[in-house]
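First up is the structure itself, then whatever we jot down about it.
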Amino acid sequence: MKVIAINGAARKNGNTTALLKSALEGAASAGAETKLVYLYDLDYKGCTGCVACKLLGGKSFGRCAQRDGISDLLEECIGADVLLFGSPIYFNEVTGQLRSFLERLWFPNITYTKDMRKTYPKQIRCGWFFTTNAPLETYLDWFKRQNMSSFFLMGPSEWMAATETLQFDDYSKYAADMFDAAARKRRHDEVFPEDCRRAFELGRNLATPEYEIKPDFSAMPPMPKP
Ligand SMILES: Cc1cc2nc3c(=O)[nH]c(=O)nc-3n(C[C@H](O)[C@H](O)[C@H](O)COP(=O)(O)O)c2cc1C
């Protein structure tokens with residue numbers, strides 16, 4: 001099993017990176033071959049909407065035609081068994097860097113055909129690792145919807161989140177007194193290790209072929225009537 005972790009966080013020793021590293025350790029414990037990629041180290045842009053990936057008979061049909069710092073990585077991801085995505089929440093979304101990457105990975109896989117067929121040779125399992133300043137309820141529905149998009153666009157997906165994370169090493173040095181610094185530190189010492197343990201478990205489960213992932217439609221908005 002080949003497992004690639006795509007890190008959408010800028011901080012290499014922050015919360016998100018810690019979760020992804022734990023998840024990869026979990027995947028390795030199930031015998032997977034693992035790799036961690038830092039998107040902020042790569043030079044690339046989001047989808048330009050050229051639609052070459054949809055051109056029937058075109059040489060880039062079903063693949064991204066843009067050539068830049070993620071071209072080889074996209075191909076490697078299409079061939080992987082499991083993809084792990086990590087991101088801090090930036091303004092209620094994944095980071096721009098991860099968003100741009102997802103546009104390039106997701107769009108070539110879909111067609112606008114009536115049967116909505118996919119172009120990648122197989123479904124790819126995905127795991128999502130979010131971190132946020134907010135409590136879980138704030139983004140619970142968004143996490144579920146992001147996971148459903150992943151289910152539809154790539155393959156069976158599961159997510160986890162570390163919430164109310166430690167953002168500053170010393171809160172007193174920053175304009176950040178809306179946070180209870182002592183409570184954040186305590187949570188980092190007491191709850192975050194448990195978050196990393198959950199990440200390990202999710203990484204191990206996703207790298208275990210027999211592990212079953214069931215879709216959760218509970219946060220889907222009502223479908224518009226035709
Ligand atoms: C540019 C920026 C935007 C952010 N926006 C949000 C936000 O909308 N909601 C939130 O809960 N946290 C927000 N945060 C906080 C981070 O999501 C949180 O601290 C996260 O755990 C940081 O992950 P890291 O340690 O891997 O960098 C933001 C942080 C930054 C730097």
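When a ligand or atom number is given, it counts from 1 through the structure's own listing order.
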Practice item. Check the angle between the aromatic planes of Y139 and W142 and answer parallel, tilted or perpendicular using the 30° and 60° thresholds. Key: perpendicular
Check your understanding: Is K35 atom NZ crowded by more than 12 heavy atoms from other residues, nucleotides or ligands, each under 6.0 Å away?
Key -> no
Revision key, fill the gap. of all protein heavy atoms, closest to atom 15 (C) of ligand 1 is N133 ND2, 3.3 Å
Revision key, fill the gap. re atom 11 (O) of ligand 1, the protein heavy-atom contact at minimum distance is T132 OG1, 2.6 Å
Revision key, fill the gap. Ranking E164, Q167, K12 by closest non-hydrogen atom to atom 19 (O) of ligand 1, top hit is Q167
Review point. Short N/O distance, under 3.5 Å, between F91 and ligand 1?
Key: yes
Practice item. May I ask you to establish whether K118 and F152 are in a cation-pi arrangement, using a distance under 6.0 Å from NZ or CZ to the six-membered ring centre and at most 45° from the ring axis? Key: yes
Review point. What residue and atom, counting heavy atoms only, is the protein's closest point to atom 20 (C) of ligand 1, and at what distance?
Key: T131 OG1, 3.2 Å
Study note, to complete from the structure: Contacts of R145 meeting salt bridge (Lys or Arg N to Asp or Glu O under 4.0 Å) (sequence neighbours excluded), chain-then-number -> none
Exercise for review: For residues C64 and P108, report the shortest heavy-atom separation together with the two atoms involved.
Suggested key: N-CG, 3.7 Å
Review point. Which ligand 1 atoms does G14 reach within 4.0 Å, using its non-hydrogen atoms?
Key: 25 (O), 26 (O)
Point to revise | Contact atoms of ligand 1, heavy-atom distance to Y139 under 4.0 Å | key: 7 (C), 8 (O), 9 (N), 10 (C), 11 (O)
Exercise for review: Using a strict cut-off of 4.0 Å, indicate which atoms of ligand 1 neighbour a heavy atom of T165.
Suggested key: 18 (C), 19 (O), 20 (C), 21 (O)
Check your understanding: Where the closest heavy atom to atom 30 (C) of ligand 1 is concerned, which of F130, F192, Y90 has it?
Key -> Y90
Practice item. Answer yes or no on whether K54 is positioned over the face of F61, meaning its NZ or CZ is under 6.0 Å from the six-membered ring centre and within 45° of the axis. Key: no
**Study point:** Polar atom proximity, A134 to ligand 1 (N or O, under 3.5 Å)
**Key:** yes
Revision key, fill the gap. One finds that the ligand 1 atoms under 4.0 Å from a non-hydrogen atom of T16 are 23 (O), 24 (P), 26 (O)
Review point. Do F143 and F130 have ring centres separated by under 6.0 Å?
Key: yes
Study note, to complete from the structure: Within 4.0 Å of some non-hydrogen atom of R11, the atoms of ligand 1 are 24 (P), 25 (O), 27 (O)
**Study point:** Co-membership, hydrophobic cluster, residues L153 and L74, 4.5 Å side-chain
**Key:** yes
Review point. Would you say I89 and ligand 1 have an N/O pair spaced under 3.5 Å apart?
Key: yes
Review point. Step by step, would you call R187 with T163 a side-chain hydrogen bond (donor to acceptor under 3.5 Å, both in side chains)?
Key: CA-CA 9 Å; R187 188 174 170 84; T163 59; 3.0 Å; yes
Point to revise | atom 22 (C) of ligand 1 - nearest protein heavy atom and its distance | key: P88 CB, 3.6 Å
